[in-house]
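Heavy atoms only: backbone and side chains are in, while hydrogens, waters and symmetry mates are out. Remember, predicted model here, so these are calculated numbers, not experimental data. Indexing begins at 1, ligand by ligand and atom by atom, following the structure's order.
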Amino acid sequence: MAKIAVSPIPTFATVEQVIEELNPGYPVYCLRPAEIQRQAQYFLENFPGRVLYAVKCNPHLAVLRILYDAGIRHFDTASLTEIADVREHFPQADCYFMHPVKARAAIQTAHSVYGVGHYVIDHVKELEKIVESTGSADGRVILVRIVTPAHDVQYQLSDKFGIPADQAPELLRQVHEAEFQTGVAFHVGSQCRSPQAFADGVRTALEVIQKAAVPVHYLDVGGGFPAPYEKDHPPPLEDYFSAIHEAFDQDILRRDCVLMCEPGRAMVASGCSLLVQIQLRKGNKLYINDGIYQSLSETLLGKIKFPARLINPQRNLSTTSQDFKILGPTCDTVDILPEPFNLPDDADEGDWIEIGQAGAYTNAAATRFNGFFPETFVSVDAPPLLPAT
Ligand SMILES: *Cc1c(COP(=O)(O)O)cnc(C)c1O
C-alpha cells in the first residue's frame, strides 16, 4: 500500500534557531522526535506485554508518525475522530476503543469501517449496545474496566469510570456468555507516583478473574505512568514495570492472558517543549501568549509545574533571577498560572520562555477561546528541556 504523504514539519537545530528564523509572536511547539522515539522504544523493550499509545494525550499527526515509526502499532482511542486519524494514516495499526461510554453510531462505524476489535465497558447496558450495533462477537474482545483503589495520583479517574470489583465478575461472565473474548482493564489515574498502585490494580484484577471463573484473555493496566516535572520526581519506569510483572507473574492465570498498558503522558511529555513570548511586563507580572485555555491547563487542573527558561538570542540575560507571576492571553481572570516561573530578573517584553515537558495534554487540550489557538509545530534536534534534578 502506498504511504500517504504528510507534509513534514520544519526542522531546526536548536530552539534559539527557531527564534532567529521565525521571530515568533505566536506559541510554537518544539518536538524532539529522537526523545519521543527513545521513550516509545523504552516501553516496547521493557514493558512485559503489549504497549498501546493513548492518543488523547497528544494526537498531533507528527507525534503519531514518530511513534508509529518507532514501532508502536496499537493505539488506545476514545472517539471516532481518534480512530479515523489513526486508521486513515496508519492502515496497519490497530485501534482499541477504550472509552467505556460510546455512541451507538461510533460503535457501528468503528466496527464496520475501521475493523476495531477491542472495546472497553463498565456496565451491562454498554455490552447490549455493542451487541445491538455490531451483531455477533466474531472473535472481538470486550474488556471490563474495574475500579481500583487510588493512591498517589494527580488525577483520580475511578470517580467517573469503572465497575466496583465485587460486581465485575458478573459482567465478565455476561461478556463471555455473549461469546466475546474477555479482558479486565483498570486505570490507576494520571501521573501516578506509586508503582504499588499498579501492583494493587493487577491483584484486584486477578481476584476478579478468579471469581468470574471464565477464560480471560487480556489484562490491561492502563496508563498513568508518570513524567518528571519541576519538584516532582517520580520513581523510574522500570520500578513500575517490575511491580506489574511481579504481581502478574504470581498467578497462573497469566498463561492464558495478554498483558497490556496504555501510556500517554510518560511516552510523550519530554518529547516536546513550548516556546512562548512575553507580551508585556508589569512589575513581577509577565503576560504571555499562551495560557490556561490553550496549552497550560494542566498547571491548574493537575498542579503540574513545568520547567521553564528565558531566551533572547539578541542580548545577555541577567544572571540573577526572581519569581514572576505568569498571565495568559485571554480576558478571563482564571487565565493565570497558579505557580510562578523563576526567570532572570530582567525578563521583558519580546523575550521568549521555553516551557519543557510540554508534550502531554498541552496542544491536546487547547481551546480556541478568545481567538488564541497555538497550532505551529516545528521539530528540533536539541535535547529536551528537563526539570532541575
Ligand atoms: C487518559 C487515559 C490513558 C493515558 O493516561 P496517561 O496518564 O496519560 O498515561 C490511558 N488509558 C485510558 C483509558 C485513559 O483514559
Exercise. Does ligand 1 have any atom that is closer than 4.0 Å to a heavy atom of Gly224?
Worked result: yes
Exercise. Got a donor-acceptor contact below 3.5 angstrom from the Arg32 side chain to the Pro383 backbone?
Worked result: yes
Exercise. Are Lys102 and Tyr119 in a cation-pi setup, meaning NZ or CZ lies under 6.0 angstrom from the ring centre and within 45 degrees of the ring axis?
Worked result: no
Exercise. Can the ring centroids of Phe241 and Phe47 be said to lie less than 6.0 angstrom from one another?
Worked result: yes
For this session: Please could you name the atoms of ligand 1 that Gly264 approaches to less than 4.0 Å, counting only its heavy atoms?
Result: 4 (C), 6 (P), 8 (O), 9 (O)
Exercise. Given Ile292 and Ile336, is the side-chain contact (heavy atoms from CB on, under 4.5 Å) satisfied, shown in steps?
Worked result: CA-CA 7 Å; Ile292 298 293; Ile336 300 173; over 6 Å; no
For this session: Could you check Phe97 against Val120 for side-chain contact (heavy atoms from CB on, under 4.5 Å), going step by step and ending with a plain yes or no?
Result: CA-CA 6 Å; Phe97 207 157; Val120 162; over 6 Å; no
Exercise. Counting from 1, what ligand 1 atoms have a heavy atom of Ser190 closer than 4.0 Å?
Worked result: 6 (P), 7 (O), 8 (O)
For this session: Run the numbers for me: atoms of ligand 1, each under 4.0 Å from some heavy atom of Ala54, listed by number.
Result: 3 (C), 4 (C), 10 (C)
For this session: Just jot down the ligand 1 atoms closer than 4.0 angstrom to any heavy atom of Arg265, in number order.
Result: 6 (P), 8 (O), 9 (O)
Exercise. Considering only heavy atoms of Arg145, which atoms of ligand 1 have at least one such atom less than 4.0 Å away?
Worked result: 13 (C)
For this session: Count the heavy atoms belonging to other residues, nucleotides or ligands that lie under 6.0 Å from CD of Gln279, then report whether that count exceeds 12.
Result: yes
Exercise. Going by the atom numbers of ligand 1, which of them fall below 4.0 Å from some non-hydrogen atom of Tyr361?
Worked result: 1 (C), 4 (C), 5 (O), 6 (P), 8 (O)
Exercise. Atom 13 (C) of ligand 1: which of Lys160, Glu262, Gln191 has the nearest heavy atom?
Worked result: Glu262
For this session: Give the ring-plane orientation class for Tyr68 versus Phe75, where under 30° counts as parallel, over 60° as perpendicular and anything between as tilted.
Result: parallel
For this session: Go through ligand 1 atom by atom and flag the ones less than 4.0 Å from a non-hydrogen atom of Asp76.
Result: 10 (C), 11 (N), 12 (C), 13 (C)
Exercise. Heavy-atom distance to atom 2 (C) of ligand 1: which of Met267, Met98, Lys56, His99 wins?
Worked result: Lys56
